[in-house]
Amino acid sequence: MEEWNQTTTGFFLMGLFPPTKTSLLLFSLVILIFLIAFLGNSTMTFLIWMDRHLHTPMYFLLSQLSLMDLMYICSTVPKMAINFLSGNNSISLVGCAFQSVSFLTMAGAEGLLLASMAYDRYVAICRPLHYAIVMNKRMCLLMIAGSWVSSLINSIFHTVYALCIPYCKSRVINHFFCDIPAMVPLACIDTWAYEYTVLFSTSLFLLVPFIGIMASYGRVLYAVYHMRSTQGRKKAFTTCSTHLTVVTFYYGPFMYTYLRPPSLRSPEEDKNMAVFYTILTPMLNPIIYSLRNKEVLGALQRVFGKSLSQKA
(Lines give C-alpha, C1' and ligand atoms only; values in the text may rest on other atoms or scores of the structure.)
Protein backbone atom coordinates (compact mmCIF):
# COMPACT_ATOMS: atom_id res chain seq x y z
CA MET A 1 0.00 0.00 0.00
CA GLU A 2 1.18 3.49 -0.79
CA GLU A 3 1.76 5.63 2.28
CA TRP A 4 0.12 9.00 2.63
CA ASN A 5 2.30 12.09 2.67
CA GLN A 6 1.43 15.73 3.07
CA THR A 7 2.31 16.60 -0.53
CA THR A 8 -0.34 14.27 -1.93
CA THR A 9 -3.34 16.13 -3.26
CA GLY A 10 -5.73 13.39 -4.30
CA PHE A 11 -6.98 9.81 -4.19
CA PHE A 12 -7.39 6.83 -6.49
CA LEU A 13 -10.79 5.28 -7.20
CA MET A 14 -10.89 1.54 -7.81
CA GLY A 15 -13.95 1.97 -10.03
CA LEU A 16 -17.12 -0.04 -10.46
CA PHE A 17 -15.95 -2.84 -12.73
CA PRO A 18 -13.23 -5.44 -12.13
CA PRO A 19 -10.68 -5.87 -14.95
CA THR A 20 -12.50 -8.59 -16.90
CA LYS A 21 -13.62 -9.14 -20.48
CA THR A 22 -17.18 -8.12 -19.62
CA SER A 23 -16.12 -4.72 -18.24
CA LEU A 24 -16.69 -2.93 -21.55
CA LEU A 25 -20.19 -4.40 -21.86
CA LEU A 26 -21.09 -3.34 -18.31
CA PHE A 27 -19.60 0.08 -18.89
CA SER A 28 -21.70 0.50 -22.05
CA LEU A 29 -24.81 -0.47 -20.08
CA VAL A 30 -24.06 2.15 -17.41
CA ILE A 31 -23.55 4.81 -20.09
CA LEU A 32 -26.89 3.85 -21.68
CA ILE A 33 -28.61 4.16 -18.29
CA PHE A 34 -26.91 7.52 -17.76
CA LEU A 35 -28.16 8.83 -21.13
CA ILE A 36 -31.71 7.64 -20.41
CA ALA A 37 -31.61 9.27 -16.96
CA PHE A 38 -30.15 12.50 -18.35
CA LEU A 39 -32.72 12.74 -21.15
CA GLY A 40 -35.64 11.65 -18.97
CA ASN A 41 -34.99 14.02 -16.08
CA SER A 42 -34.16 16.93 -18.39
CA THR A 43 -37.42 16.36 -20.27
CA MET A 44 -39.47 16.12 -17.06
CA THR A 45 -37.99 19.35 -15.70
CA PHE A 46 -38.58 21.13 -19.01
CA LEU A 47 -42.16 19.86 -19.38
CA ILE A 48 -43.22 20.88 -15.88
CA TRP A 49 -41.67 24.30 -16.37
CA MET A 50 -43.27 24.85 -19.80
CA ASP A 51 -46.77 23.36 -19.45
CA ARG A 52 -49.17 25.40 -17.31
CA HIS A 53 -51.35 22.33 -16.69
CA LEU A 54 -48.53 20.91 -14.59
CA HIS A 55 -48.09 24.02 -12.45
CA THR A 56 -49.45 22.30 -9.34
CA PRO A 57 -47.78 21.46 -6.01
CA MET A 58 -47.35 17.78 -6.90
CA TYR A 59 -45.58 18.53 -10.18
CA PHE A 60 -43.62 21.40 -8.68
CA LEU A 61 -42.14 18.91 -6.20
CA LEU A 62 -41.66 16.39 -9.00
CA SER A 63 -39.69 18.94 -11.04
CA GLN A 64 -37.31 19.31 -8.10
CA LEU A 65 -36.97 15.53 -7.88
CA SER A 66 -36.03 15.41 -11.58
CA LEU A 67 -33.52 18.22 -11.10
CA MET A 68 -31.97 16.43 -8.12
CA ASP A 69 -31.75 13.15 -10.02
CA LEU A 70 -30.14 14.93 -12.95
CA MET A 71 -27.46 16.47 -10.73
CA TYR A 72 -27.23 13.24 -8.72
CA ILE A 73 -26.18 11.00 -11.61
CA CYS A 74 -23.96 13.71 -13.12
CA SER A 75 -21.94 13.87 -9.89
CA THR A 76 -20.69 10.28 -10.17
CA VAL A 77 -21.01 8.65 -13.61
CA PRO A 78 -19.03 11.14 -15.80
CA LYS A 79 -15.91 10.91 -13.61
CA MET A 80 -16.23 7.14 -13.49
CA ALA A 81 -16.47 7.05 -17.30
CA ILE A 82 -13.42 9.29 -17.72
CA ASN A 83 -11.36 7.12 -15.38
CA PHE A 84 -12.46 3.92 -17.12
CA LEU A 85 -11.71 5.19 -20.64
CA SER A 86 -8.41 6.87 -19.77
CA GLY A 87 -7.13 4.14 -17.47
CA ASN A 88 -6.22 6.85 -14.95
CA ASN A 89 -8.15 6.30 -11.70
CA SER A 90 -6.87 9.36 -9.89
CA ILE A 91 -9.10 12.13 -8.58
CA SER A 92 -7.84 15.44 -7.20
CA LEU A 93 -8.62 16.68 -3.72
CA VAL A 94 -10.82 19.43 -5.19
CA GLY A 95 -12.55 16.95 -7.46
CA CYS A 96 -13.17 14.60 -4.56
CA ALA A 97 -14.57 17.45 -2.45
CA PHE A 98 -16.88 18.58 -5.26
CA GLN A 99 -18.07 15.03 -5.85
CA SER A 100 -18.68 14.40 -2.15
CA VAL A 101 -20.59 17.66 -1.60
CA SER A 102 -22.69 17.13 -4.74
CA PHE A 103 -23.52 13.51 -3.91
CA LEU A 104 -24.37 14.12 -0.25
CA THR A 105 -26.43 17.22 -1.04
CA MET A 106 -28.53 15.42 -3.64
CA ALA A 107 -28.86 12.29 -1.48
CA GLY A 108 -30.12 14.14 1.59
CA ALA A 109 -32.29 16.59 -0.33
CA GLU A 110 -33.97 13.80 -2.29
CA GLY A 111 -34.66 11.87 0.90
CA LEU A 112 -36.44 14.88 2.40
CA LEU A 113 -38.20 15.74 -0.87
CA LEU A 114 -39.69 12.25 -1.20
CA ALA A 115 -41.17 12.72 2.28
CA SER A 116 -42.63 16.06 1.16
CA MET A 117 -44.18 14.35 -1.86
CA ALA A 118 -45.72 11.71 0.41
CA TYR A 119 -47.20 14.45 2.59
CA ASP A 120 -48.58 16.15 -0.54
CA ARG A 121 -50.38 12.93 -1.53
CA TYR A 122 -51.66 12.47 2.04
CA VAL A 123 -53.24 15.94 2.05
CA ALA A 124 -54.62 15.50 -1.48
CA ILE A 125 -56.35 12.20 -0.69
CA CYS A 126 -57.15 12.40 3.03
CA ARG A 127 -57.87 16.15 3.31
CA PRO A 128 -58.93 17.19 -0.21
CA LEU A 129 -60.99 20.20 0.92
CA HIS A 130 -57.96 21.69 2.68
CA TYR A 131 -55.46 20.87 -0.07
CA ALA A 132 -55.33 24.32 -1.66
CA ILE A 133 -54.84 25.94 1.77
CA VAL A 134 -52.26 23.50 3.17
CA MET A 135 -50.21 22.91 0.00
CA ASN A 136 -49.95 26.54 -1.05
CA LYS A 137 -47.04 28.08 -2.90
CA ARG A 138 -45.32 29.21 0.30
CA MET A 139 -45.48 25.70 1.79
CA CYS A 140 -43.99 24.17 -1.37
CA LEU A 141 -41.15 26.68 -1.40
CA LEU A 142 -40.43 26.02 2.28
CA MET A 143 -40.33 22.26 1.68
CA ILE A 144 -37.96 22.61 -1.25
CA ALA A 145 -35.72 25.24 0.35
CA GLY A 146 -35.56 23.22 3.56
CA SER A 147 -34.51 20.11 1.64
CA TRP A 148 -31.77 21.88 -0.30
CA VAL A 149 -30.33 24.06 2.47
CA SER A 150 -30.28 21.50 5.29
CA SER A 151 -28.77 18.86 3.02
CA LEU A 152 -26.11 21.27 1.73
CA ILE A 153 -25.04 22.19 5.28
CA ASN A 154 -24.85 18.50 6.20
CA SER A 155 -22.79 17.65 3.10
CA ILE A 156 -20.29 20.45 3.69
CA PHE A 157 -19.75 19.34 7.30
CA HIS A 158 -19.05 15.71 6.35
CA THR A 159 -16.88 16.59 3.36
CA VAL A 160 -14.71 19.05 5.29
CA TYR A 161 -14.15 16.49 8.04
CA ALA A 162 -13.36 13.65 5.62
CA LEU A 163 -10.81 15.69 3.67
CA CYS A 164 -9.10 17.16 6.74
CA ILE A 165 -8.36 13.96 8.62
CA PRO A 166 -4.89 12.40 8.00
CA TYR A 167 -4.70 9.39 5.70
CA CYS A 168 -1.75 7.04 6.11
CA LYS A 169 -3.03 3.58 5.23
CA SER A 170 -3.72 4.11 1.56
CA ARG A 171 -4.99 6.60 -1.00
CA VAL A 172 -7.00 3.95 -2.86
CA ILE A 173 -10.76 4.25 -2.32
CA ASN A 174 -12.60 1.01 -3.01
CA HIS A 175 -15.50 2.73 -4.74
CA PHE A 176 -16.40 4.44 -8.02
CA PHE A 177 -16.81 7.87 -6.37
CA CYS A 178 -15.66 9.68 -3.22
CA ASP A 179 -18.06 8.06 -0.78
CA ILE A 180 -17.14 9.05 2.77
CA PRO A 181 -17.84 5.66 4.42
CA ALA A 182 -15.36 4.17 1.93
CA MET A 183 -12.77 6.87 2.75
CA VAL A 184 -12.94 6.87 6.57
CA PRO A 185 -11.42 3.35 7.02
CA LEU A 186 -8.24 4.67 5.34
CA ALA A 187 -7.67 7.29 8.05
CA CYS A 188 -4.79 7.15 10.56
CA ILE A 189 -6.93 8.22 13.50
CA ASP A 190 -9.77 6.51 15.34
CA THR A 191 -13.02 7.70 13.75
CA TRP A 192 -15.55 6.00 16.03
CA ALA A 193 -17.02 9.31 17.19
CA TYR A 194 -17.43 10.55 13.63
CA GLU A 195 -19.16 7.30 12.65
CA TYR A 196 -21.90 8.20 15.13
CA THR A 197 -22.43 11.51 13.30
CA VAL A 198 -22.79 9.55 10.05
CA LEU A 199 -25.40 7.38 11.75
CA PHE A 200 -27.20 10.49 13.04
CA SER A 201 -27.20 12.15 9.60
CA THR A 202 -28.44 8.96 7.94
CA SER A 203 -31.26 8.71 10.46
CA LEU A 204 -32.17 12.38 10.01
CA PHE A 205 -32.16 12.43 6.20
CA LEU A 206 -33.25 8.87 5.43
CA LEU A 207 -34.76 6.95 8.35
CA VAL A 208 -37.01 9.73 9.70
CA PRO A 209 -38.36 10.68 6.22
CA PHE A 210 -38.90 6.97 5.48
CA ILE A 211 -40.96 6.55 8.66
CA GLY A 212 -42.92 9.68 7.71
CA ILE A 213 -43.58 8.28 4.24
CA MET A 214 -44.81 4.96 5.63
CA ALA A 215 -47.10 6.79 8.08
CA SER A 216 -48.48 9.03 5.32
CA TYR A 217 -49.19 6.15 2.98
CA GLY A 218 -50.64 4.08 5.77
CA ARG A 219 -53.26 6.82 6.22
CA VAL A 220 -53.65 7.16 2.45
CA LEU A 221 -54.25 3.45 1.88
CA TYR A 222 -56.76 3.39 4.73
CA ALA A 223 -58.64 6.32 3.15
CA VAL A 224 -58.46 4.77 -0.33
CA TYR A 225 -59.86 1.48 0.97
CA HIS A 226 -62.99 3.31 2.19
CA MET A 227 -63.54 5.24 -1.05
CA ARG A 228 -66.88 4.66 -2.77
CA SER A 229 -65.69 5.66 -6.22
CA THR A 230 -63.97 2.80 -8.06
CA GLN A 231 -62.27 5.22 -10.45
CA GLY A 232 -61.03 7.42 -7.60
CA ARG A 233 -59.75 4.37 -5.74
CA LYS A 234 -57.90 3.15 -8.84
CA LYS A 235 -56.31 6.57 -9.45
CA ALA A 236 -55.22 6.86 -5.81
CA PHE A 237 -53.73 3.36 -5.79
CA THR A 238 -51.82 4.16 -9.00
CA THR A 239 -50.34 7.30 -7.46
CA CYS A 240 -49.42 5.49 -4.25
CA SER A 241 -47.83 2.51 -6.01
CA THR A 242 -45.78 4.86 -8.18
CA HIS A 243 -44.36 6.74 -5.21
CA LEU A 244 -43.78 3.60 -3.15
CA THR A 245 -41.84 2.04 -6.03
CA VAL A 246 -39.50 5.05 -6.02
CA VAL A 247 -39.21 4.91 -2.24
CA THR A 248 -38.30 1.22 -2.25
CA PHE A 249 -35.55 1.59 -4.84
CA TYR A 250 -34.11 4.65 -3.13
CA TYR A 251 -34.35 4.18 0.63
CA GLY A 252 -33.85 0.39 0.79
CA PRO A 253 -30.25 0.10 -0.51
CA PHE A 254 -29.29 3.47 1.00
CA MET A 255 -30.32 2.56 4.55
CA TYR A 256 -28.93 -0.96 4.22
CA THR A 257 -25.55 0.55 3.38
CA TYR A 258 -25.33 3.46 5.82
CA LEU A 259 -27.17 2.14 8.89
CA ARG A 260 -25.09 -1.02 9.25
CA PRO A 261 -22.22 -1.03 11.77
CA PRO A 262 -18.79 -0.54 10.12
CA SER A 263 -17.76 -4.03 11.24
CA LEU A 264 -20.51 -5.59 9.11
CA ARG A 265 -19.81 -3.57 5.96
CA SER A 266 -18.27 -5.02 2.84
CA PRO A 267 -16.66 -2.57 0.36
CA GLU A 268 -17.77 -4.62 -2.64
CA GLU A 269 -21.32 -4.97 -1.32
CA ASP A 270 -21.54 -1.24 -0.53
CA LYS A 271 -20.32 -0.43 -4.03
CA ASN A 272 -22.94 -2.69 -5.61
CA MET A 273 -25.70 -1.24 -3.43
CA ALA A 274 -24.64 2.27 -4.47
CA VAL A 275 -25.54 1.43 -8.07
CA PHE A 276 -29.22 1.36 -7.06
CA TYR A 277 -29.44 4.85 -5.56
CA THR A 278 -26.84 6.63 -7.71
CA ILE A 279 -27.50 5.16 -11.18
CA LEU A 280 -30.70 3.10 -11.39
CA THR A 281 -33.06 5.33 -9.36
CA PRO A 282 -32.34 8.52 -11.38
CA MET A 283 -33.18 6.54 -14.52
CA LEU A 284 -36.35 4.92 -13.13
CA ASN A 285 -37.94 8.04 -11.62
CA PRO A 286 -38.79 9.85 -14.89
CA ILE A 287 -39.90 6.58 -16.51
CA ILE A 288 -42.22 5.69 -13.63
CA TYR A 289 -43.67 9.19 -13.33
CA SER A 290 -44.12 9.78 -17.09
CA LEU A 291 -45.15 6.47 -18.66
CA ARG A 292 -47.78 5.84 -15.97
CA ASN A 293 -49.08 9.40 -15.87
CA LYS A 294 -51.61 10.62 -18.43
CA GLU A 295 -51.11 14.29 -17.47
CA VAL A 296 -47.36 14.09 -18.19
CA LEU A 297 -47.97 12.29 -21.49
CA GLY A 298 -50.53 14.96 -22.39
CA ALA A 299 -48.03 17.71 -21.57
CA LEU A 300 -45.46 15.94 -23.72
CA GLN A 301 -47.83 16.03 -26.69
CA ARG A 302 -48.82 19.65 -26.09
CA VAL A 303 -45.30 21.05 -25.65
CA PHE A 304 -43.47 19.11 -28.33
CA GLY A 305 -46.47 18.97 -30.67
CA LYS A 306 -46.71 22.77 -30.50
CA SER A 307 -42.99 23.14 -31.16
CA LEU A 308 -43.17 20.86 -34.21
CA SER A 309 -46.20 22.66 -35.60
CA GLN A 310 -44.49 26.03 -35.22
CA LYS A 311 -41.43 24.78 -37.10
CA ALA A 312 -43.63 23.37 -39.85
May I ask you to check whether Asn41 and Tyr72 show a side-chain donor-acceptor distance below 3.5 Å?
no
Is the OH atom of Tyr194 crowded by more than 12 outside heavy atoms at less than 6.0 Å?
yes
Please determine, by modelled atom types, if Ser100 and His158 share a side-chain donor-acceptor pair under 3.5 angstrom.
no
Do Ile180 and Leu104 have side chains that get closer than 4.5 Å, going by heavy atoms?
yes
Take atom CZ in Phe249; do more than 12 heavy atoms of anything else shown fall under 6.0 Å from it?
no
Any side-chain donor near an acceptor of the partner, Asp69 and Asn285, under 3.5 Å:
yes
CZ of Phe60 to CD of Gln64: how many Å apart, nearest 0.5 Å?
5.5 Å
Return yes if a side-chain donor-acceptor contact under 3.5 Å exists between Asn88 and Ser90, otherwise no.
yes
Are side-chain heavy atoms of Arg302 and Met50 found at a separation under 4.5 Å?
no
Worked check of side chain to side chain contact (heavy atoms under 4.5 Å, CB included) between Asn89 and Phe11:
CA-CA 8 Å; Asn89 292 332; Phe11 297 92; over 6 Å; no
Side-chain donor-acceptor pair under 3.5 Å between Asp179 and Tyr258, yes or no?
yes
Indicate, with yes or no, if Leu142 and Val149 share a hydrophobic cluster defined by side-chain heavy-atom contacts under 4.5 Å among Ile, Leu, Val, Met, Phe, Trp and Tyr.
no
Between Phe84 and Leu24, is any pair of side-chain heavy atoms under 4.5 Å apart?
yes
Heavy-atom check, side chain of Met273 versus side chain of Glu268, under 4.5 Å
no
Side-chain donor-acceptor contact under 3.5 Å, Tyr277 with Glu110:
no
Heavy-atom neighbours of Phe98 CZ exceed 12 at 6.0 Å:
no
A quick test of your reading: do over 12 heavy atoms of other residues, nucleotides or ligands sit less than 6.0 Å from CZ of Phe38?
no
A quick test of your reading: do over 12 heavy atoms of other residues, nucleotides or ligands sit less than 6.0 Å from NE2 of His55?
yes
Close aromatic pair by centroid cut-off 6.0 Å: Tyr250 and Phe254
yes
Main chain of Val198, side chain of Ser201: is a donor-acceptor contact present, judged purely on distance under 3.5 Å?
no
